[in-house]
Amino acid sequence: MVSLLVSPFAGRLSDRIGGRRVLLAGLVSFCAGLSAVILLAQGSATAAVFAVPLMFMGLGTGCMIAPLSTEAMRHVPAPLAGAASGVNNTARQLGSVLGSAAASALMAAGATPLAGVHLAMALAVVLLALAGTALFTTRTGNPAAVPA
């Protein structure tokens with residue numbers, strides 16, 4: 001629900017201040033929420049315990065959806081836009097499938113079901129931190145024009 005409310009504002013904000021900043025804020029928010037879920041996920045935890053961390057995760061998701069596609073397509077020449085969009089969507093779908101498979105494998109590999117969930121979420125936090133680091137440390141600029 002939070003991502004639904006945040007996404008339109010994140011898209012407009014990324015147009016105004018740049019998508020990289022909004023993406024980085026989304027990664028940090030999602031990573032913080034997921035880290036809190038890992039810390040709070042115990043056998044006796046109730047659903048209410050997870051409300052605030054899940055809101056942070058929703059905020060992070062909302063800050064990543066629109067800006068990510070925009071940033072991926074920003075410097076693509078018009079004649080290549082269709083192909084680039086297809087590659088972007090294929091990469092996103094492939095990442096979803098591989099990520100789900102990896103999370104499932106890690107959950108099954110845990111000594112207990114809860115340990116497996118913690119392991120899968122911890123890997124997600126590490127990958128998000130790496131993505132944020134890459135986003136923060138890479139330079140931006142207009143790439144050379146691609147011949148049509």
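Remember, it's a predicted structure, so these values are computed and weren't measured experimentally.
C63 and A10 get closest at one heavy-atom pair: CA-CB, 3.8 Å. Nearest heavy-atom pair, S7 versus I65, reported as atom, atom and distance to 0.1 Å: OG-CD1, 4.3 Å. Smallest separation of non-hydrogen atoms from S14 and G11: OG-O, 2.8 Å. Residues A103 and A120 approach most closely at O-CB, 3.8 Å, considering heavy atoms.
For the atom pair R12 CZ and D15 CG, the distance stands at 9.5 Å (nearest 0.5 Å). Atom CG in L114 sits 4.0 Å away from atom NE2 in H118 (nearest 0.5 Å).
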message = Let's go through L59 and S3 carefully: what are the C-alpha distance in whole Å and the side-chain angles of both, what is the deciding distance for side chain to side chain contact (heavy atoms under 4.5 Å, CB included) to 0.1 Å, and is it a yes or a no?
response = CA-CA 5 Å; L59 174 68; S3 63; over 6 Å; no

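If you chain together hydrophobic residues whose side chains sit under 4.5 Å apart, L119 and L127 fall into the same group.
Side-chain contacts under 4.5 Å among hydrophobic residues (ILVMFWY), followed directly or transitively, place L135 together with L23, L24, L27, F30, L34, V37, I38, L40, V49, F50, L54, M57, M64, L68, M107, V117, M121, V125, L128, F136. With a 4.5 Å cut-off between side-chain heavy atoms of Ile, Leu, Val, Met, Phe, Trp and Tyr, the cluster of L13 takes in I17, V22.
Side-chain N or O atoms of N88 include none that pairs as donor or acceptor with a backbone N or O of A84 at under 3.5 Å. Looking at T133, its side chain does come within 3.5 Å of a backbone N or O of A129 through a donor-acceptor pair. With hydrogens and angles disregarded, a donor-acceptor distance shorter than 3.5 Å links the side chain of R20 to the backbone of T138.
Counting only heavy atoms from C-beta outward, the side chains of L80 and P77 approach each other to under 4.5 Å.
Each side-chain hydrogen bond (donor to acceptor under 3.5 Å, both in side chains) pair with one or both residues in residues 36-65, not counting sequence neighbours, would appear here, but there are none.
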